[in-house]
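The structure under discussion appears below in the form of structure tokens.
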Amino acid sequence: MKNLGVADRVLAMLRIRRFEEQCIRLSAEKKLVGHYHVYIGQEATAVAACTLLDKDDFIFSTWRNHGHLLARGADPRRMMAEILGKSGGYAGGRSGTLHLSVAALGAPATSALVGGNLPLANGAALACKQRGSGMVVNFFGDAGMEEGAFYEAMILASVWKVPILFLCENNSIPPALRKRGQFTSSTLPAKQLVDVPKSLNIVTEIVDGADADALVECFTRLTAEIRSGAGPRFVEVRCTRWPGSFPLFPELPDGEWQVAWAFGQKPDRQDLAVWLEHSDPLLLHIRKAVASGELDRSQVEAIDAQVRAEMAAAVRFALDSPYPDPQEAYRHVLAQGGQTR
Amino acid sequence: MKNLGVADRVLAMLRIRRFEEQCIRLSAEKKLVGHYHVYIGQEATAVAACTLLDKDDFIFSTWRNHGHLLARGADPRRMMAEILGKSGGYAGGRSGTLHLSVAALGAPATSALVGGNLPLANGAALACKQRGSGMVVNFFGDAGMEEGAFYEAMILASVWKVPILFLCENNSIPPALRKRGQFTSSTLPAKQLVDVPKSLNIVTEIVDGADADALVECFTRLTAEIRSGAGPRFVEVRCTRWPGSFPLFPELPDGEWQVAWAFGQKPDRQDLAVWLEHSDPLLLHIRKAVASGELDRSQVEAIDAQVRAEMAAAVRFALDSPYPDPQEAYRHVLAQGGQTR
Amino acid sequence: MKITFAEGLARAIHECLAADERVMLIGSGFMGLNPVAQKTMEPVLKDFAARISVTPISELGLAGAGIGAAVAGMRPLVDLSTGSFIFQAFPQVVNEAANIHYMSGGQTTVPVTFYSLAGMRGSGAAQHSHRPQAMLGQVPGLQILMPGGAEDAYYLMKWALRESRNPTVFISHGLLLGETAELDADAPMIPVGRARIRRDGGDVSLIANSITVPRALAAAGILEKEHGISAEVVDLRSIAPLDRETVLRSVAKTGRAVIADECHRSFGVAAEIAATLAEEGLASLKAPVCRVNTPDVPIPFSTQLEAELTVTADKIVAGALRTLGR
Amino acid sequence: MKITFAEGLARAIHECLAADERVMLIGSGFMGLNPVAQKTMEPVLKDFAARISVTPISELGLAGAGIGAAVAGMRPLVDLSTGSFIFQAFPQVVNEAANIHYMSGGQTTVPVTFYSLAGMRGSGAAQHSHRPQAMLGQVPGLQILMPGGAEDAYYLMKWALRESRNPTVFISHGLLLGETAELDADAPMIPVGRARIRRDGGDVSLIANSITVPRALAAAGILEKEHGISAEVVDLRSIAPLDRETVLRSVAKTGRAVIADECHRSFGVAAEIAATLAEEGLASLKAPVCRVNTPDVPIPFSTQLEAELTVTADKIVAGALRTLGR
Ligand SMILES: Cc1ncc(C[n+]2csc(CCOP(=O)(O)OP(=O)(O)O)c2C)c(N)n1
Ligand SMILES: Cc1ncc(C[n+]2csc(CCOP(=O)(O)OP(=O)(O)O)c2C)c(N)n1
Ligand SMILES: [Mg+2]
Ligand SMILES: [Mg+2]
């Protein structure tokens, strides 16, 4: 298990932020077709969770997977190519944004069905337990808790005591309620989301998704417990929705994120300004590191320059990558070898 | 809402007990084919719940439905004919024991799938709420709580605040734990079953299924709350398994139930003796009524004679009823009238 | 009056809510990610809010609620959203809704309608592009309606909500929502269970349903214009009941059948039609039956790959030419 | 050595657990309510308790656990119990297991086996008698194995647990568990995806799978003895892959096809076979194809009603006579 330094953590978060900005741009330019989901505002969660994982650990993600995969070390070029449906993508254009997976990095299967990945993640954790090595981080959204699949996964994980961190990203919490307070929803009647896994004898926790240090502390502790054989853990990460996520397709309310915003400058849009000030994990983390003297503006700008270059390369790679040969549609329906014909 | 007197309550419970004994006998004689489930040991629950219901209320039951339907007023003759697959049965032999239903008595659909009837019951309760009349009692077994369908039904009932009593019959509890104590199971990790609905903001209760008076008190209170618009209620009824239920097919461990057992005589089988003494709702209720002077032995014997005659008539009716014409297999696939061809 | 498919649906739903208090909605999406189509639902949302239930993402529970409400005397319409999500509801749709009337020996009726926005919608990829109709065809007790045009979107939805007495799966299609047709709302509709001859022809029968209807019509146009071939287009309209008679009659006339259906090839809707011809129409077949289907491949995301698998007018034309030995 | 179908299953499972540490069981019922068959599982339960997971009644979660474990490198066998309960697991079986290899562009393999004890078992009634095979046939990415005899119960289960690299539904049948066959465990098995000619014949092809195999063999015996007709019996063994070549070759020889399958008639397995004949075997057909199926009716409880719907040797005989114009 490694632990990132402050600069590396900013780099990892900014990489996600800038990657998603490129997706939004490419969608507006109609180079990215179809529906897609971005991870803006939740970057600290993926970074804090994935950097604690080893090679034989697994993650299971959803339609909102870009951040999880980047944090796990996926190549932005091959991700972007996949998102554009190109042959250079991880799945040769078959998965697109919805089901991006990178088996070599322990992200073997991504489900775009609400509740779909929980039973899978649980099964991978059962495999880890049987083999005596590895653990699973299962990312899912708050609506996942409305599916029966969620419930059955909780039952099985608790009965089997498998090594899994159920990581519920609750991304529609008002800032004031992020650290404490009841969760209120018109569709899930729980007073607190954690009450449900708790009722099935799973140890739970709530953490502020805009506070990278709190996330690192929480996940470090929980993954250690899980690795020691204590069984599943459930954590609700509370994030506040980024204003650009409200339309049917995400939009950049005020252009790309500015390093200057972390250093006193304000964006034009008031809703964005409020969100940045109180709920942006990236901005808050930079500001904290600057205040404590761990980072200065020029370092942040250098990180940003590196990330921008990476993303430009990713977009170029993706745009240059050819569309797949139509015959590729017929490949990989069944794995070869096991079949005798 | 009516409330039964003691004698009527004994009559209703004994009717169920004796009906099930006939099923066991007919199965041993190979006149009842296939798998079936009996309600012995749980009679007080159905009687206490169903006698509180009005004409526009609904019940939803499972494979273990005989007791629920008898308590709701179904004709033992047509029930037995159905269980034997005869044309005189409620469904002309189509349902058999597993899906017995009597629409005219507000038992419109019985599911033999674990967790199957909870979503249905919930929908009927939604209909009651929309119309502003009626409520639903949803009988199900403890294993029902292992299905995702259970969880989704809890969510919807709680969000919609529909008039429903979720009545979980937990029929494998040791006598000492019936009134209190943790529920322990190898397959559901909840410390208490009620913790799960509680986590979804549903008011819950636990009651001893061998204590008819406690059941009546509990259900009277809960149904009044439900009818007043308070939303769903969940009750766990704890019963202790009757020794005859342990084999793959139920067996009478010591012949038919004896009135004398309620008056000091002991059966030969020790496990049965213990069960009768501590866990038989029928015997305990008679003993209590006799102790309080509400009933005497001759009255019980008269009730028994009446029930035995009823059951003899039911069996005779069922055996005499012809098997359905094979062409009946094709009827009732689709309701006629709505179709235009 | 010209209406779109989406307008037909929204109008039928509105009229049925107005006409019958027992009609209720469980969910109210219906139009997927299409903002133009979504607008058509505004009158329903405004006028009948009290009869629309809030819905968590609990498809199994929602389907069951619709069935239970129907059993208790209501006539619910349940929005099961994208076709792929009906699998979440399968235990209730397949094993409860379809069986209750039969199991009760006719005591209980189940007039519930499940709405499923199915099909290959363009970049929906493997988990959002299912066409569940052939699978549902294996379930006796269900009615499966598949409008191929805006007027049938209206007529069939109206029939399901007002007249049907049985559980019905209404299969809509994301790429049909903007299709238009002439609607005469007062004209008697073709009975449910009867196919619609959308175009008369004598050389080959193109048998279609749902999204393949406009594509078969386009193919018929090409066949006539470019090849001088007269194709008859049969729109099945429902696959349960399935109008085998009209199919057999058309093929008796033309001697040739091309079945255009968006299901995967193996065990799809086209298989049942072809089997019917092999059993009951063999003598009239002048050439092998031709199925034009989605190959047995999960649906890929990339536009180029999806296009390779899509049932198009051109593929229907090629199939027709094959049956004519050209 | 003579073994029963149940013994074949139990033996294959035991051998695979012994041979490969990655093989694990999620659930361990497999034999339904049959106490004789249950006894065959005792060695497995005794020798491999540590590789058997306790299972709540959570079919969806269990199926998903099997998939997830497979994705993580194990080779799980998941007991989904009675065929009708596979619907509970459909979101995972249909939309996860079948798609993962494809969606990952071949990065991830999913060697999980789902065991489903399907079929009309006698008084199982509407909710416990499903045959999900034709529905599953609409799902590219799945392999569907359907042994029709004890030796194939052994061979196919062994292949699924040791060799297969893809998600597999193993469809067993309650009424086959006691059937016996000669087993030579060391003989090479017929490749998976190849049908088995169980009996040679020249006048008519009886195409069968699972429970209809012994019934078709009985029918062939009757046809020979009572009618002097020589029937060829083709046992499909798997319906995905589906051995169309062997079917076409047999019908090319006999000119007549009777397809005996326990699915409901409409959209069933027989429809796909008949469609294949209409498309690729039309020239060899001397008579209309004949499907012998369960009618489109939910399965009733009463023995008398269930018998009316059951695919029997007699009905197969009648079908064969019809194709021969007798
Ligand atoms: C089974 C299923 N039902 C519905 C959907 C449609 N859907 C896609 S994302 C989404 C909302 C998910 O919300 P949440 O789980 O909170 O995740 P978020 O997108 O907020 O990260 C829904 C309903 C789906 N993909 N799968
Ligand atoms: C979906 C489903 N899975 C499994 C079964 C098989 N099954 C029938 S009864 C039963 C146990 C039910 O236990 P419980 O709910 O406690 O009810 P009880 O029989 O004890 O009254 C099971 C597993 C089923 N009928 N449906
Ligand atoms: Mg969310
Ligand atoms: Mg129980």
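Small disclaimer: the values here were computed from a predicted structure and weren't measured.
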Any carboxylate oxygen within less than 4.0 angstrom of a Lys/Arg side-chain nitrogen, looking at [X] and [Y]?
| X | Y | answer |
| --- | --- | --- |
| Arg78(A) | Glu82(A) | no |
| Asp20(D) | Arg22(D) | yes |
| Glu279(D) | Arg244(D) | no |
| Asp57(A) | Arg72(A) | no |
| Arg64(A) | Glu169(A) | no |

Under a 3.5 Å cutoff, is there a donor and acceptor pairing between the side chains of Thr204(A) and Glu236(A)? no
Can Ser158(A) and Asn201(A) be counted as having a side-chain donor-acceptor contact under 3.5 angstrom? no
Using heavy-atom distances under 4.5 Å, tell me whether [X] contacts chain D through its side chain, its backbone, both, or neither.
| X | answer |
| --- | --- |
| Ala107(A) | neither |
| Val162(A) | neither |
| Arg331(A) | backbone |

Do the rings of His332(A) and His101(D) sit parallel, tilted or perpendicular, given the 30° and 60° boundaries? perpendicular
Best-contacting candidate, Gly141(D), Ala65(D), Ala97(D), against chain A by heavy atom pairs under 4.5 angstrom: Ala65(D)
Which of Pro56(D), Pro140(D), Ser53(D), Ala50(D) touches chain A most, by non-hydrogen pairs under 4.5 Å: Ser53(D)
What parts of residues 71-79 of chain D touch chain A if we use heavy atoms and a cut-off under 4.5 Å? Val71(D), Ala72(D), Gly73(D), Met74(D)
Considering heavy atoms only, which positions within residues 109-117 of chain D lie below 4.5 Å of chain A? Thr109(D)
Using a cut-off of under 4.5 Å for heavy-atom pairs, which of Ser95(A), Pro108(A), Ala149(A), Ala109(A) has the most such pairs with chain D? Pro108(A)
Identify which of Ser101(A), Gly92(A), Cys128(A), Gly106(A) forms the greatest number of heavy-atom pairs closer than 4.5 Å to chain D. Ser101(A)
Residue pair [X] / [Y], side-chain heavy-atom distance below 4.5 Å:
| X | Y | value |
| --- | --- | --- |
| Pro197(A) | Phe150(A) | yes |
| Pro76(A) | Leu70(A) | yes |
| Met135(D) | Phe267(D) | no |

In this structure, is the centre-to-centre distance between the rings of His37(A) and His35(A) below 6.0 Å? yes
For Thr97(A) and His66(A), run side-chain hydrogen bond (donor to acceptor under 3.5 Å, both in side chains): C-alpha distance rounded to whole Å, both residues' side-chain angles, the deciding distance at 0.1 Å, then the answer. CA-CA 8 Å; Thr97(A) 168; His66(A) 303 174; 2.8 Å; yes
